[in-house]
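A short worksheet on the structure shown next.
Every chain is numbered from 1 and lettered A, B, ... according to where its sequence line falls, protein lines coming before strand lines. Just so you know, these numbers use all the heavy atoms, side chains as well, and skip hydrogens, waters and symmetry mates.
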Amino acid sequence: MKSKIESLLKAAVAHLQAAHQLPSELSPTYQIERTRDKQHGDFASNLAMMLAKPAGLKPRDLAQQLVNALPADPAIQKTEIAGPGFINFYLQDGSQYQIVPQILSQGAKFGHSKVGAGQYIQVEFVSANPTGPLHVGHGRGAAYGATLANLLDAVGFRVHREYYVNDAGRQMNILATSVWLRYLELCGVSFNFPSNGYKGGYILEISQAVLNQAGQTWLRSVEAVFQDIPADEPAGGDKEEHIDSLIERAKQLLGKDGYKVFFDAALDSILGDIRDDLREFGVEYTEWFSEMSLTDSGSVQRAIDRLQTNGKLYEKDGAIWFRSTEYGDDKDRVVARDNGQTTYFASDIAYHMNKFERGFDRVINVWGADHHGYIARVKAALSALGYDPEKLTVLLVQFAILYRGGERVQMSTRSGSFVTLRELREEVGNDAARFFYVTRKSEQHMDFDLDLAKSQSKDNPIYYIQYAHARVCSILKKAAAESAPWDRESGLAHLHLLDNDYEQGLLNQLAKYPELLERAALQYEPHQLAQYLRDLAGEFHSWYNAHKVIIEDANLRNARLTLSEAIRQVINNGLTLLGVSAPESM
RNA sequence: GCGCCCGUAGCUCAGCUGGAUAGAGCGCACCCCUCCUAAGGGUGAGGCCACAGGUUCAAAUCCUGUCGGGCGCACCA
């Protein structure tokens, strides 16, 4: 409907331009919105106010000219000029009912569109280091990224969902070494565990698994392990030097194959756990992209060479630096350390180069808000490589703060007392977790009330929406049981009987759904869909309480059953995009 | 100190990419099931949209500054 009105207005503008009443070089943006108040008709446009100045006319006078030039259309009953110069459109009586047969015939596809025009878009999200289980912070990124990808899919983009696996680099070495050290402890060796090592309980489980499988093959004496290793921090040394030396010692004592046993055991176990966790959370990926593959395939070196060729690198203090300040970054960044090791940032450059080489029309990164400082350097790298940094959008997700019993749940990575995503899912359920995570704007700090997410009452928006869905199912069942089953044809033929304010409001709300989806997708704001569903469920519950559906009058009954089914379909479609189930009974 | 995000009802948050009287839920005070699931509905109170300037026919929305909160500023990942 909006696009129809837009084309009418365009025609009017063109007509006035042809008559030289408007300058010909105008390229206005056509804003047509649904009115909030029925007194202002069904749709309104502010076009006359926007064009008043360039046209040299008073807004209301221009509005009058536009209205005069507007082609007649059967769907428009009348237009009015109101307020400072709004053009209000009143739809032909009866047109509001058209949405119902549309919903019924399109079913699960209702609301989908083609605005994405098949553009190839990558959404990279979560990408947590495989050094431990996902925690509740990652959960928000997962829910947000997955829902965003679903939305983009629904409006016609070709979506590639990707998880970047940081399986290379120092943290992985610390992890592998930690597993080996725990293994040594299980073999009865006694020593002080490095303060910078990974201490979570899951490490011990991996060590135990290696022990079960390989026996004491990789047991080395405490003397061999710790001889000439610089002191750890509690002993007055440097914890970084300490752990780095232990990593080297592990590689040396275990050999390439032995070290790989621990490295792979750690990676496979933790990454496997992350995959299971996300799958159970309803999050699926097109691709799990390995950082190691970038090094192995020479992409990292290739990216560095390309920057070198473009004159964007220089050497200082033995390290190789990238001139990111040329592109607005705060300072230049190191891509290769003085010990020859390439940095994490170098991998990141190669990864983003790879993304662009794969030919995505658009690339979206969903990052934790604590990474915002990296945006400038990554975009700088893209520019320096000769790509358009505008094609990359980085969306930041703020952390969620958990509350239980009105108290903030304390979390800290250092003490290991963080709440895992799995614990959250087990406590509140997948549906509530998925929904709660996306009810707020992603860049908004969020309070996650665990008690509310668990409560089974109208206070809990997810139950409230699911209950609306179940209620419709229940009505349809009840109607069939009372030998007054829903007659779809009769219902569609008598939609005009739906004339009270509740029903009119519901029809209007349903008609908004396709526009809502499009906006939520293009603005990358899944929370709009969550809000919408809450509103739709609310209007449905009010109607349900005010008017009975299963009544004697067969025509009105069927019309109401038809409207109910349309509501159910839209709620189902929306919940599906959110990754939330739509139960038939509760 | 510099950069990014955020300040809307007592609380948690929307506010349709600048529009016509600022919305919802919770909480609070009342009310509604011989009636399709009360896991629901209704009524009421509650706001100088942090503050000060500016742009505009029009600002919660855009710009500048101030104050307040969060997060970043490694040859770590």
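- For a distance-only test at 3.5 Å, the side chain of A/Asn46 qualifies as a donor-acceptor partner of the base of B/rG19.
- For A/Phe448 and A/Tyr437, the gap between ring centers is short of 6.0 Å.
- For the residue pair A/Asn365 / A/His371, no side-chain donor-acceptor distance below 3.5 Å is found, with atom types taken as modelled.
- Nucleic acid contact for A/Arg34: none, since no nucleic acid atom lies under 4.0 Å from a heavy atom of the residue.
- Distances were taken from every side-chain heavy atom of A/Tyr544 (C-beta onward) to each of B/rG19, B/rA38, B/rA77; the shortest belongs to B/rA38.
- Across all strands shown, nothing is found opposite B/rC36 as a Watson-Crick or G-U wobble partner with both distances under 3.5 Å.
- Under the 3.5 Å distance criterion, with hydrogens and angles disregarded, no donor-acceptor pair is assigned to the side chains of A/Gln171 and A/Asn166.
- Considering only side-chain atoms of A/Ser474, the nucleotide from B/rU37, B/rG41, B/rC75 that sits closest is B/rU37.
- Comparing B/rA24, B/rG72, B/rA20 by their closest approach to the side chain of A/Asp370 singles out B/rG72.
- Of the listed nucleotides (B/rA20, B/rG25, B/rA39), B/rA20 has the atom at the smallest distance from the side chain of A/Phe86.
- At the phosphate of B/rG15, OP1 or OP2 sits under 4.0 Å from a side-chain N or O atom of A/Lys441.
- A/Ala168 comes within contact range of the sugar-phosphate backbone alone, with a heavy-atom separation under 4.0 Å but no base atom that close.
- In this structure, A/Asp447 reaches the sugar-phosphate backbone alone: every heavy-atom distance under 4.0 Å involves primed, P, OP1 or OP2 atoms, never a base.
- Contacts of A/Asp535 with the nucleic acid, taken as non-hydrogen atoms under 4.0 Å apart, are absent.
- Looking at A/His445, its side chain has no donor and acceptor atom pair within 3.5 Å of the base of B/rC6.
- For B/rG41, the OP1/OP2 oxygens have a side-chain nitrogen or oxygen of A/Tyr464 closer than 4.0 Å.
- When Watson-Crick and G-U wobble pairs are counted only if both distances are under 3.5 Å, B/rA60 pairs with no nucleotide at all.
- Side-chain nitrogen and oxygen atoms of A/Tyr403 include none within less than 4.0 Å of the OP1 or OP2 phosphate oxygen of B/rC11.
- Distances shown here put a side-chain N or O of A/Gln444 below 4.0 Å from the OP1 or OP2 atom of B/rA14.
- A salt bridge does not link A/Glu584 with A/Lys477: none of the charged nitrogens is closer than 4.0 Å to a carboxylate oxygen.
- The base of B/rG3 lies close enough to the side chain of A/His372 for a donor and an acceptor atom to sit less than 3.5 Å apart.
- When heavy atoms are screened at a 4.0 angstrom cut-off, A/Lys477 is found touching no nucleic acid atom at all.
- A salt bridge links A/Arg568 and A/Glu565; the closest N-O separation between the charged side-chain nitrogens and carboxylate oxygens is under 4.0 Å.
- Nucleotide B/rG46 has no partner under the Watson-Crick or G-U criteria, as no pair reaches both atom distances under 3.5 Å.
- When distances run from any side-chain atom of A/Glu33 to the nucleotides B/rG19, B/rG41, B/rC13, the shortest one goes to B/rG19.
- Nucleic acid contact class of A/His541 (heavy atoms, under 4.0 Å, all strands): sugar-phosphate only.
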